[in-house]
Amino acid sequence: MGRIAGVTAAETRERLLDAAAEVFAERGYDGTRVADIAAAAGVSNGALYAHFGSKAELLVTALRAHGPRLLADLFAADPDRSITDLLLVIGRRLPRRRDARGFLIVEALVAARRDEDVARPMRDYVGERSDWLAELVRIAQNDGELDPTLSPDALAHFCLLLAMGSALVPAGLHGVDDAEWSTLLNRVVAGLAPADDTTAQSGAP
């Protein structure tokens with residue numbers, strides 16, 4: 001079982017990433033062998049190693065390919081939409097059930113605690129996500145949506161904690177009423193808005 005006739009290298013790579021996402025989600029990182037992924041993709045181990053150097057590389061690359069990209073997709077679809085509205089849309093979806101691939105982040109985070117080969121690319125992945133979110137925060141601050149005194153890096157970190165925590169505590173373990181969650185999110189986002197000078201002055205002693 002080597003390279004499949006009529007299938008390009010790019011298609012083989014995509015097959016491997018699809019298979020990796022499915023197998024990691026089903027068996028976990030520790031319970032998955034490289035041979036399992038190759039078999040699921042219908043290729044040889046050698047063909048797999050022609051594209052990926054290790055199981056750790058496969059895990060993080062599969063996360064990049066199949067991890068949640070809802071915020072990026074929404075932003076690309078409507079770049080004029082306010083950043084705070086985008087954050088609210090994403091936030092409202094966090095407690096909902098996700099498909100198996102949505103838990104790749106859990107496998108990657110757990111593996112990164114024990115395996116430096118996973119930790120290195122995961123630091124890059126999380127750093128890139130944080131930098132992207134921080135840049136969105138800066139845009140929102142420049143547009144007057146968010147308080148300019150807030151640290152973009154701190155707010156990006158807060159968003160990452162919410163997003164990744166939602167994968168660790170899925171709806172199957174603990175649920176929350178959609179309306180109550182939405183009310184809380186609206187209150188949090190309102191608290192991130194620039195201070196209203198009139199309100200601040202009226203409330204001053």
Side-chain angles (χ1 to χ4, degrees), residues 17-18 20-22 24-25 29 59-113 118 121-196:
L17 289 176
D18 286 342
E22 295 293 343
F24 283 135
Y29 181 74
L59 173 63
V60 180
T61 307
L63 176 61
R64 288 180 182 277
H66 299 291
R69 295 189 54 83
L70 185 56
L71 182 55
D73 291 343
L74 285 172
F75 186 71
D78 187 2
D80 294 328
R81 195 173 193 171
S82 72
I83 302 300
T84 51
D85 186 43
L86 287 173
L87 294 175
L88 282 170
V89 170
I90 299 302
R92 292 188 188 107
R93 300 188 187 192
L94 290 180
R96 300 178 186 174
R97 291 187 180 275
R98 60 187 72 201
D99 63 28
R101 294 183 180 191
F103 293 103
L104 274 175
I105 185 63
V106 176
E107 296 299 329
L109 290 172
V110 171
R113 292 186 61 236
V118 179
M122 275 301 291
R123 281 192 287 269
D124 291 338
Y125 173 79
V126 174
E128 290 165 12
R129 300 296 292 171
S130 179
D131 290 345
W132 190 78
L133 285 166
E135 183 57 28
L136 287 185
V137 171
R138 293 186 185 95
I139 293 171
Q141 288 174 324
N142 290 335
D143 289 344
E145 295 181 52
L146 295 176
D147 187 341
T149 66
L150 293 171
S151 163
D153 291 333
L155 187 49
H157 187 72
F158 175 73
C159 292
L160 282 175
L161 291 179
L162 280 179
M164 294 181 180
S166 71
L168 292 168
V169 187
L173 289 180
H174 185 269
V176 64
D177 180 79
D178 285 344
E180 293 175 351
W181 178 249
S182 183
T183 297
L184 175 62
L185 287 176
N186 284 322
R187 183 72 63 87
V188 170
V189 171
L192 300 175
D196 180 45

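We use all heavy atoms of the structure for the numbers below, so side chains are in, but hydrogens, waters and symmetry mates are not.
A pairwise comparison of heavy atoms in Pro95 and Ala171 identifies O-CB, 3.2 Å as the closest pair. Closest approach of Gly144 to Pro194, counting heavy atoms only: O-CG, 3.3 Å. The nearest pair of heavy atoms linking Ala62 to Ala20 is CB-CB, 4.2 Å.
Looking at residues two or more places apart in sequence or on another chain, you find a side chain to side chain donor-acceptor pair (under 3.5 Å) between Arg123 and Glu116. Residues satisfying the salt bridge (charged side-chain N to carboxylate O under 4.0 Å, His left out) test with Arg92, not counting sequence neighbours, are none. Among residues two or more places apart in sequence or in another chain, the side chain to side chain donor-acceptor pair (under 3.5 Å) test is passed with Glu135 by none. Legend: residues meeting side-chain contact (heavy atoms from CB on, under 4.5 Å) with Ala163, ordered by chain and number and at least two apart, are Leu94. Looking at residues two or more places apart in sequence or on another chain, you find a side-chain contact (heavy atoms from CB on, under 4.5 Å) between Val169 and His174. Among residues two or more places apart in sequence or in another chain, the salt bridge (charged side-chain N to carboxylate O under 4.0 Å, His left out) test is passed with Asp85 by Arg81. With sequence neighbours excluded, the residues that form a side chain to side chain donor-acceptor pair (under 3.5 Å) with Glu145 are Thr84. With sequence neighbours left out, Phe103 forms a ring-ring contact (aromatic ring centres under 6.0 Å, His included) with no residue at all.
Side-chain contact between Gln141 and Ile83 is absent, with no heavy-atom pair separated by less than 4.5 Å. Contact of the Glu107 side chain with the Val118 side chain is not registered, since no non-hydrogen atoms from C-beta on lie closer than 4.5 Å. Side-chain atoms of Val176 and Leu184, non-hydrogen and from C-beta on, never get closer than 4.5 Å to each other. Looking at Arg64 and Leu17, their side chains never come closer than 4.5 Å, going by heavy atoms from C-beta outward. Side chains of Leu104 and Phe24 form a contact here, defined as non-hydrogen atoms less than 4.5 Å apart. Using a 4.5 Å heavy-atom threshold, the side chains of Ser130 and Leu133 count as separate.
Applying the salt bridge (charged side-chain N to carboxylate O under 4.0 Å, His left out) rule to pairs touching residues 173-189 yields nothing, sequence neighbours excluded. Residue pairs that meet the salt bridge (charged side-chain N to carboxylate O under 4.0 Å, His left out) test with at least one member in residues 155-169, sequence neighbours left out, do not exist here. Applying the side-chain hydrogen bond (donor to acceptor under 3.5 Å, both in side chains) test to residues at least two apart or on different chains, the pairs with a partner in residues 148-169 are Arg98-Ser166, Asp147-Thr149.
For the atom pair OH of Tyr125 and CD1 of Ile105, the computed distance is 5.0 Å after rounding to the nearest 0.5 Å. Put simply, CG on Leu87 and CG on Leu146 are 7.0 Å apart, with the number rounded to the nearest 0.5 Å. With values rounded to the nearest 0.5 angstrom, Ile90 atom CD1 is found 11.0 Å from Leu185 atom CG.
Between the side chain of Trp181 and the backbone N or O of Gly175 there is no donor-acceptor pair closer than 3.5 Å.
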Begin with the C-alpha distance, continue with both residues' side-chain angles, and end with the deciding distance and a verdict on side-chain contact (heavy atoms from CB on, under 4.5 Å) for Met122 and Leu59.
CA-CA 10 Å; Met122 275 301 291; Leu59 173 63; over 6 Å; no

Where do Leu155 and Leu192 land on the side-chain contact (heavy atoms from CB on, under 4.5 Å) test, with the steps shown first?
CA-CA 9 Å; Leu155 187 49; Leu192 300 175; 3.9 Å; yes

